Amino acid sequence: MTFTLATWNINSVRLRESLVCKLMEEEAPDVLCLQECKSPVEKIPLERFRALGYNWIVARGQKGYNGVAILSKLPLTEAGGEDYANLGHARHVAGRLENGVTIHNFYVPAGGDIPDRTQNEKFGQKLDFLTHMRDDFHAAKPQKSILVGDLNIAPREDDVWNHKQLLKIVSHTPIEIEHLAQTQDAGAWVDVTRKDIPEGLLYSWWSYRAADWDTADKGRRLDHVWATPDIANASHGSRVLRAARGWEQPSDHAPVFATFDL
DNA sequence: ATGCCCACTTCAAGTGGA
């Protein structure tokens, strides 16, 4: 079977219900992983999504903040959701397809402004969240798994518009990149997006603050698609739907896609 | 560092995003 998956930080699933539908109609990924739904699960507007063929959902939600959901056209069963770093936040949910592939959907904490855990508690929480992920993957090596989400870290020099200028900016500091690398190594995760697009600048997020995000193009690649080695070579066709950042009243993130032949 | 935005809660201004 072949299926296409997309991950998108939607920045309020209720406010942008119509944009989710637009993506479903125009791009029709078989599996759509959303972050920052900012909604309790029972208030996610599922009826229009179901009408477009997305009959399966697993989600974790909370009022106003965070929230992750996997909407699927393929049968999908609940496969857990963990409170990493014990923050009491809805930042992880997992589902399993009938072919046995597990899909993890993550929203890693942004980490605040100051990249120092002694001055900024949120930065410590971000590092602890990644450490907890690492320890879990080390304890139980994931297999036949895909990990997607807003990891809030742009690890490579060509994942940001200016490497040197961003070295002390949260999302691109060496300590965050090291934590992310340890998490990736613990599960032997393959960066599918960079397997498919190994060269060149690649972004999935552009700040709302820039007057003209498209021309300035000061982006970062914060949204990722990873896979375990047993299925990573079945992936292809990765892309960022940059156009979605220019849709009316957009999210500040663009969807990232990958296709798997399994 | 970007430039002064955007969403949520709840109706004013604070928190959080990154």
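First the proteins, then the strands, lettered A, B, ... as listed; each starts at 1. Predicted, not measured: the structure shown is a model, and the values here were computed from it.
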- Query: If you look at every strand shown and take non-hydrogen atoms under 4.0 Å, does A/Phe123 touch a base, only sugar-phosphate, or nothing?
  - Reply: nothing
- Item | Of the listed nucleotides B/dT10, B/dG16, B/dA18, the one nearest the side chain of A/Lys63 | B/dT10
- Task: For A/Lys168, answer base if it contacts any base atom (sugar-phosphate contacts may also be present), sugar-phosphate if it contacts only those atoms, and nothing otherwise; contact means non-hydrogen atoms under 4.0 Å.
- Result: nothing
- Task: Check every strand shown and say whether A/Trp161 touches a base, only sugar-phosphate, or nothing at a heavy-atom separation below 4.0 Å.
- Result: sugar-phosphate
- Message: Taking only side-chain N and O atoms of A/Asn152, does any of them lie within less than 4.0 angstrom of OP1 or OP2 on B/dA18?
- Response: yes
- Any A/Asn9 side-chain N or O less than 4.0 Å from OP1/OP2 of B/dA18: yes
- Message: Give me the distance, rounded to whole Å, that separates B/dA18 from B/dA7 when you measure between the C1' atoms they each carry.
- Response: 14 Å
- Base, sugar-phosphate, or nothing: which does A/Asn162 touch, judged by heavy atoms less than 4.0 Å apart? nothing
- Contact under 4.0 Å: A/Ser12 side-chain N or O vs B/dC8 OP1/OP2: yes
- Message: Using a heavy-atom cut-off of 4.0 Å across all strands, would you classify A/Ser207 as base, sugar-phosphate, or nothing?
- Response: base
- Item | Pairwise C1' distance for B/dG3 and B/dG17, with rounding to whole Å | 15 Å
- Message: Same cluster or not: A/Leu241 versus A/Val13, using hydrophobic residues (I, L, V, M, F, W, Y) connected whenever any side-chain heavy atoms lie under 4.5 Å apart?
- Response: yes
- Message: Work out how far the C1' atom of B/dA13 is from that of B/dA1, and round it to whole angstrom.
- Response: 25 Å
- Item | Atom-to-atom span, CZ of A/Arg16 to C1' of B/dA7 - whole angstrom | 8 Å
- May I ask whether A/Leu147 and A/Ile103 are part of the same hydrophobic cluster, defined by side-chain heavy atoms of I, L, V, M, F, W, Y residues being less than 4.5 angstrom apart, directly or through others? no
- Closest to the A/Tyr65 side chain, choosing from B/dG17, B/dT15, B/dA7: B/dT15
- Message: Name the residue from A/Asp191, A/Asp158, A/Asp150 that meets the salt bridge (charged side-chain N to carboxylate O under 4.0 Å, His left out) definition with A/Arg221.
- Response: A/Asp191
- Could you state the atom-to-atom distance from CG of A/Leu222 to C1' of B/dT2 in whole Å? 13 Å
- Walk me through it: do A/Asp83 and A/Arg60 pass the test salt bridge (Lys or Arg N to Asp or Glu O under 4.0 Å)? CA-CA 10 Å; A/Asp83 181 14; A/Arg60 291 290 184 276; over 6 Å; no
- Using whole Å, report how far OH of A/Tyr208 lies from C1' of B/dC6. 6 Å
- Query: Using a cut-off of 4.0 Å on non-hydrogen atoms, how would the nucleic acid contact of A/Asp150 be classed: base, sugar-phosphate, or nothing?
  - Reply: sugar-phosphate
- Message: Quick check on B/dG16: is either OP1 or OP2 less than 4.0 Å from any side-chain nitrogen or oxygen of A/Lys38?
- Response: no
- Query: Mind checking whether A/Trp189 and A/Leu5 sit in one hydrophobic cluster, side chains of I, L, V, M, F, W, Y counted as touching below 4.5 Å?
  - Reply: no
- Query: How long is the line joining NE2 of A/His163 and C1' of B/dA1, in whole Å?
  - Reply: 15 Å
- Using the P atom on both, measure B/dT9 against B/dC4 and round to a whole Å. 27 Å
- With A/Asp214 via salt bridge (Lys or Arg N to Asp or Glu O under 4.0 Å) - residues at least two apart: A/Arg242
- Message: Once you apply a heavy-atom cut-off of 4.0 Å, does A/Arg14 come out as touching a base, just sugar-phosphate, or nothing?
- Response: nothing
- Query: Which of the following nucleotides, B/dG3, B/dA7, B/dA18, is nearest to the side chain of A/Lys218?
  - Reply: B/dG3
- Task: Check the pair A/Val101, A/Phe260 against side-chain contact (heavy atoms from CB on, under 4.5 Å), reporting the backbone distance first and the verdict last.
- Result: CA-CA 11 Å; A/Val101 170; A/Phe260 290 81; over 6 Å; no
- Task: Determine the Euclidean distance between corresponding C1' atoms of B/dC8 and B/dT2; express it in Å to zero decimal places.
- Result: 23 Å
- If you check every side-chain atom of A/Ala210, which of B/dC4, B/dT10, B/dG3 has the closest atom? B/dG3
- Message: Measuring to OP1 and OP2 of B/dA18, would you say a side-chain N or O of A/Tyr107 lies under 4.0 angstrom away?
- Response: yes
- Quick one: A/Ile169 CD1 to B/dA1 C1', roughly how many Å, whole number? 5 Å
- Mind checking A/Asp212 for me? I need base, sugar-phosphate or nothing, with any heavy atom below 4.0 Å counting as a touch. nothing
- Does A/His253 place a side-chain N or O at less than 4.0 Å from the phosphate oxygens OP1/OP2 of B/dA18? yes
- Query: Nearest to the side chain of A/Gln165 - B/dA7, B/dA1, B/dT9?
  - Reply: B/dA1
